[in-house]
Amino acid sequence: MNIIFVKIEERMESKVRVRFAPSPTGGLHLGGVRTVLFNYLFAKHHGGEFVLRIEDTDQTRFVAGAEQYIQDTLAWCGLIPNESPLHGGPFAPYRQSERKAIYKEYADQLIKNGQAYYAFDTAADLEAKRAEIANFQYSKAYRMEMKNSIALPTEEVEKLLQTNTPYVVRIKIPDQAEVTFEDMIRGEVSFDASTVDDKVLLKADGMPTYHLAVVVDDHLMKITHAFRGEEWLPSAPVHILLWQYLFGLDKMPKWAHLPLILKPDGHGKLSKRDGERLGFPVFAMDWTDPNTKETTIGFKEKGFLPEAFVNLLAMLGWNDGTDKEIFSIEELIANFSLERVHKGGAKFDYEKAKWFNAEWMKKTDNNKLAELVQPYFDKAGIEVHEASYLVKVIGLVKERCVLLPDFITQSSFFFQAPSVIDIASIQPKWEEKKQDFFIELVKIYANKIVEGLKTMPAETLETDFKELATAHSLKPGDLMLPFRIMLVGGKFGPGVFDIVENIELQDAMTRINHTLGLLSSN
RNA sequence: GGCCGGUUCGUCUAUCGGCUAGGACAGCCCCCUUUCACGGGGCAAAGACGGGUUCGAUUCCCGUACCGGCUACCA
């Protein structure tokens, strides 16, 4: 028996190099970004390099704009690759479609060494065979019944090749081979390679499949540690065999198969559909399919801060062993270790995700928040005359905002009078005494304005308000809610006197009068 | 079906053989707040099951169950 055993040596003498290798087929979802993140954290923790490689070998699934989207997403998250298709690097090109010729050479070498072979079966041939034989596998058991350079006489193979018959190149899995390797997260994993079929390495269009491309490029790009989702575990033996055939197992990167991110309800891998169904983003940023024009919302546009997004992703499958949950990217880099990455998948919890964002909002500087919030104000058509005023308002309302757009609902009344007044919450307990009180309050404010005051400190406003209430033999408490609703339109917002202080006396008067008008006309 | 992986409160998780199984999110209650939040305090809530190993297992081993992944000329 041919035993392949790969051990992790604790050597780290060569510079750590990792890669993220997505296919440009659409938006980048949570699981993808987390794979990037763990790659990045591992590389930076060890002072290594992070490479972005685009695996665009499937021309039928290629989607225009997806590559740009991936780069933009990494930029938003702050996970900038050292080498990429856009910025190049010493191992360019970084797009597999541009490396087509390279893979052919290696496929030829495998064929020459008897480790791979030509297969001429058409799609129909394969379909028929699969229909005929339950659990059909293109391997030892049925290889000889198929149209390939192992089963066919040499002359016929020659003839097929000379007449340009379409073919694929398949790896020849050894009849008996136990493949064992050390996964950095899972420990020793072993497979009986004969249960794997002869995977296609080179497709009929001359493009490599993932199996060949990942091995060749990881070698050529000197990748030392390869991270990928757990869904790749079953094909690991193919890759290990290829490493053995092509470059030697001593050169092979160490593998780490990351746990999956699961649906919040039910079971299975989290998908784009789950987000739509349950009402939360799954992609990092908005993604518009160029064909259907359909847009899928992203965490960025939903109003998440990149710091929070990265933080929450890191905690999905990793922790530092303490109760600490809020980590900056620098702290993550400093503390990250693969030993603390989980083996089991984690269900995504949107409520917890929002909590991370709320925490990061509180930590973020008001000036920074103002910058981020400005576009939402623009979109809502709310004019911000002074940036400094926005910064001040943000300080007043930030702890009641979870997502960036919450600033609109929580603070629009600082910039314009509310368009809707929740009269229904005032009316039941409304009485003439209260009306008189507010008429008097307006007069007081008018006098202050005549005295040359535009506004007054919240504390003074509050004292005056309470004194006036007492004078009208009313409890201040019974007046606060109506006052709040007059100012903001409903039962929300920061302290009423903080609001009055900021919107200034003139505006407050206008709003009181407006509501008084509504109340008397009803 | 076959192969591989996984399994601690509803969810994310701590525990690296030693018993009040800790924290966070969500839920509920109270305080603060004459709005809503934030904040503070509290309640409720977990080791899939069965065997071993051991003085002692959530922790180590085996089996079972359940869940997941893969099983394409997709990645």
Side-chain angles (χ1 to χ4, degrees), chain A residues 21-25 55-58 60-61 119 121-123 126-127 130 134-138 166-170 183 185-186 189-197 199-211 213-214 228-237 257 259-260 262-269 312 315-326 339-340 342-356 358-359 362 397-402 406 409-410 422 425 475-485 487-488 490-496:
Chain A
S23 294
T25 54
E55 308 220 338
D56 55 349
T57 55
D58 185 354
T60 62
R61 292 212 310 159
D121 316 273
T122 62
L126 291 168
E127 207 177 305
R130 282 193 257 262
N135 300 325
F136 170 77
Q137 276 212 139
Y138 206 118
Y167 67 84
V168 300
V169 174
R170 285 180 183 272
D183 184 277
I185 293 170
R186 279 148 223 286
V189 183
S190 60
F191 298 82
D192 177 355
S194 62
T195 62
V196 184
D197 58 358
K199 295 290 180 203
V200 170
L201 263 22
L202 212 60
K203 299 184 255 189
D205 64 1
M207 278 289 190
T209 58
Y210 173 83
H211 306 298
V214 72
R228 69 204 333 188
E230 192 187 348
E231 70 269 26
W232 286 107
L233 207 41
S235 48
H257 290 90
L260 267 15
L262 277 13
K263 300 174 193 295
D265 62 341
H267 304 283
K269 261 201 290 189
L312 74 92
M315 301 312 287
L316 234 41
W318 176 86
N319 70 81
D320 75 344
T322 72
D323 290 339
K324 187 175 164 69
E325 292 191 275
I326 302 298
E339 294 83 69
R340 298 209 61 89
H342 270 241
K343 295 182 175 77
K347 286 183 187 169
F348 177 66
D349 181 359
Y350 188 52
E351 291 306 318
K352 183 93 184 209
K354 286 193 288 191
W355 174 77
F356 276 106
E359 291 300 306
K362 282 184 252 169
V397 303
K398 70 191 284 188
E399 74 269 12
R400 51 199 96 207
C401 295
V402 172
D406 293 345
T409 50
Q410 288 294 337
D422 181 14
S425 293
K475 278 187 278 185
D478 294 335
L479 297 161
M480 296 282 261
L481 188 64
F483 194 24
R484 163 177 301 283
I485 292 172
L487 296 169
V488 314
K491 300 183 209 175
F492 54 88
V496 281

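Order of the sequence lines sets the chain letters (A, B, ...), proteins ahead of strands, with each chain counted from 1. Note: hydrogens, waters and symmetry copies are ignored here, and every other heavy atom, side chains too, is used.
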| Are A:Asp121 and A:Tyr138 close enough that a side-chain donor and a side-chain acceptor fall under 3.5 Å? | yes
| query | Picking from B:rG10, B:rU34, B:rU35, which would you name as closest to the side chain of A:Asp349? | reply | B:rG10
| said: Side chains of A:His257 and A:Arg228 only: does a donor on one sit below 3.5 Å from an acceptor on the other? | reply: yes
| request: Specify the residue among A:Leu262 and A:Leu233 whose closest nucleotide of RNA chain B lies further upstream toward the 5′ end. | output: A:Leu233
| Any donor-acceptor pair under 3.5 Å from A:Thr209 side chain to A:Val200 backbone | yes
| field | Value in whole Å for how far the P atom of B:rC38 lies from CZ of A:Arg400 | value | 9 Å
| task | Specify the separation, in whole Å, of atom NZ of A:Lys343 and atom C1' of B:rC12. | result | 17 Å
| message | Once you apply a heavy-atom cut-off of 4.0 Å, does A:Pro166 come out as touching a base, just sugar-phosphate, or nothing? | response | nothing
| query | Who is the Watson-Crick or G-U wobble partner of B:rC28, with both distances under 3.5 Å? | reply | B:rG42
| query | In Watson-Crick or G-U wobble terms, both distances under 3.5 Å, what is the partner of B:rG2? | reply | B:rC70
| So what does A:Gly493 touch, heavy atoms closer than 4.0 Å: a base, only the sugar-phosphate, or nothing? | base
| query | Is a side-chain donor or acceptor of A:Arg61 paired with a backbone partner of A:Ser23 at a separation under 3.5 angstrom? | reply | no
| Can you name the nearest heavy-atom pair linking A:Asn319 to A:His342, along with the distance? | ND2-NE2, 4.0 Å
| said: With rounding to the closest Å, how many angstrom separate the C1' atoms on B:rG47 and B:rG18? | reply: 16 Å
| message | Heavy atoms from C-beta onward define the side chain here; which of B:rA75, B:rC25, B:rC12 lies closest to that of A:Ser23? | response | B:rA75
| remark: From CD of A:Glu325 across to P of B:rG23 the rounded distance in Å is 12 Å
| Under 4.0 angstrom, heavy atoms only, what part of the nucleic acid is A:Lys269 near: base, sugar-phosphate, or nothing? | sugar-phosphate
| In whole Å, what separates the C1' atom of B:rC29 from that of B:rG51? | 44 Å
| task | Describe the nucleic acid contact of A:Ser190 in one word from base, sugar-phosphate, nothing, applying a heavy-atom distance below 4.0 Å. | result | sugar-phosphate
| said: Mind checking if A:Ala204 touches a base, just sugar-phosphate, or nothing, with heavy atoms under 4.0 Å? | reply: base
| message | Going by purine N1 to pyrimidine N3 plus the second Watson-Crick contact, or the G-U wobble pair, all under 3.5 Å, which nucleotide sits opposite B:rG47? | response | none
| said: From NZ of A:Lys352 over to P of B:rG10, roughly how many Å is that when rounded to an integer? | reply: 15 Å
| request: For B:rA57 and B:rG41, measure between their P atoms and round to the nearest Å. | output: 37 Å
| note | Answer for the Watson-Crick or wobble partner of B:rU8, both distances under 3.5 Å, is none
| task | Answer yes or no: does a side-chain N or O of A:Lys362 lie under 4.0 Å from OP1 or OP2 of B:rG39? | result | yes
| query | A:Lys347 side chain: which of B:rU11, B:rA75, B:rG23 is closest? | reply | B:rU11
| What is the distance, rounded to the nearest whole Å, between atom CG of A:Leu312 and atom C1' of B:rU11? | 14 Å
| message | Any base atoms under 4.0 Å from A:Val189, or only sugar-phosphate, or nothing? Heavy atoms, all strands. | response | sugar-phosphate
| message | For a quick check of understanding: with a heavy-atom distance under 4.0 Å over all strands, which category does A:Ser425 fall into, base, sugar-phosphate or nothing? | response | nothing
| query | Under 4.0 Å: is that the gap between some side-chain N or O of A:Thr57 and OP1 or OP2 of B:rA75? | reply | yes
| query | Where does the angle between the aromatic ring planes of A:Trp232 and A:His211 fall among parallel (under 30°), tilted (30 to 60°) and perpendicular (over 60°)? | reply | perpendicular
| task | Using the P atoms only, state how far B:rU71 lies from B:rC19, rounded to an integer number of Å. | result | 45 Å
| query | Given B:rU34, B:rA75, B:rU11, which nucleotide is nearest the side-chain atoms of A:Thr209? | reply | B:rA75
| Reckon A:Val200 touches a base, only the sugar-phosphate, or nothing at all at heavy-atom distances under 4.0 Å? | sugar-phosphate
| field | Under-4.0 Å salt bridge between A:Arg130 and A:Glu127 | value | no
| If only side-chain N and O atoms of A:Lys203 are considered, is one of them under 4.0 Å from the OP1 or OP2 phosphate oxygen of B:rA75? | yes
| message | Once you apply a heavy-atom cut-off of 4.0 Å, does A:Gly317 come out as touching a base, just sugar-phosphate, or nothing? | response | sugar-phosphate
| How far does the C1' atom of B:rA14 sit from the matching atom of B:rU59, given to the nearest Å? | 13 Å
| Does A:His342 put a side-chain nitrogen or oxygen below 4.0 Å from OP1 or OP2 of B:rG5? | no
| request: Report which part of the nucleic acid A:Leu479 touches: base, sugar-phosphate, or nothing (heavy-atom distance under 4.0 Å, all strands). | output: nothing
| said: Rounding to an integer number of angstrom, what distance separates B:rU8 and B:rC49 when you compare their P atoms? | reply: 12 Å
| message | When you compare the side chains of A:Ser425 and A:Asp422, does any donor N or O come within less than 3.5 Å of an acceptor on the partner? | response | yes
| Under 3.5 Å, is there an N or O donor on one side and an acceptor on the other linking the side chain of A:Lys199 and the base of B:rA72? | no
| Can you find a side chain N or O atom of A:Arg340 that sits less than 4.0 Å from OP1 or OP2 on B:rU15? | yes
| field | Between P of B:rG39 and CH2 of A:Trp355, the distance in whole Å | value | 9 Å
| With sugar-phosphate meaning primed atoms plus P, OP1 and OP2, does A:Asp205 contact a base, only sugar-phosphate, or nothing at under 4.0 Å between heavy atoms? | nothing
| field | N or O in side chain of A:Asn319 less than 4.0 angstrom from B:rA14 OP1/OP2 | value | yes
| query | Could you state the CZ-P distance from A:Arg228 to B:rC70, rounded to the nearest angstrom? | reply | 13 Å
| field | Ring geometry between A:Phe348 and A:Tyr350 (parallel below 30°, tilted from 30 to 60°, perpendicular above 60°) | value | tilted
| field | A:Phe492 six-ring centre to A:Arg400 NZ/CZ under 6.0 Å and within 45° of normal | value | no
| query | With sugar-phosphate meaning primed atoms plus P, OP1 and OP2, does A:Asn135 contact a base, only sugar-phosphate, or nothing at under 4.0 Å between heavy atoms? | reply | base
| With rounding to whole Å, what would you report as the distance between B:rC66 and B:rC73 at their C1' atoms? | 36 Å
| query | Which base, if any, makes a Watson-Crick or G-U wobble pair with B:rU58, both distances under 3.5 Å? | reply | none
| message | It should be established whether A:Arg170 places a side-chain nitrogen or oxygen under 4.0 Å from OP1 or OP2 of nucleotide B:rC73. | response | yes
| task | Under a 3.5 Å limit for both distances, which nucleotide forms a Watson-Crick or G-U wobble pair with B:rU15, could you say? | result | none
| field | Separation of atom CG in A:Asp183 from atom C1' in B:rG69, rounded to whole Å | value | 14 Å
| task | Pick the P atom in B:rC61 and in B:rG5, then give their distance to the nearest Å. | result | 13 Å
| said: I want to verify a distance call: between B:rC74, B:rC70, B:rU11, whose nearest atom is closest to the A:Glu231 side chain? | reply: B:rC70
| Residue mapping more 5' on RNA chain B - nearest nucleotide basis, A:Thr195 or A:Leu202 | A:Thr195
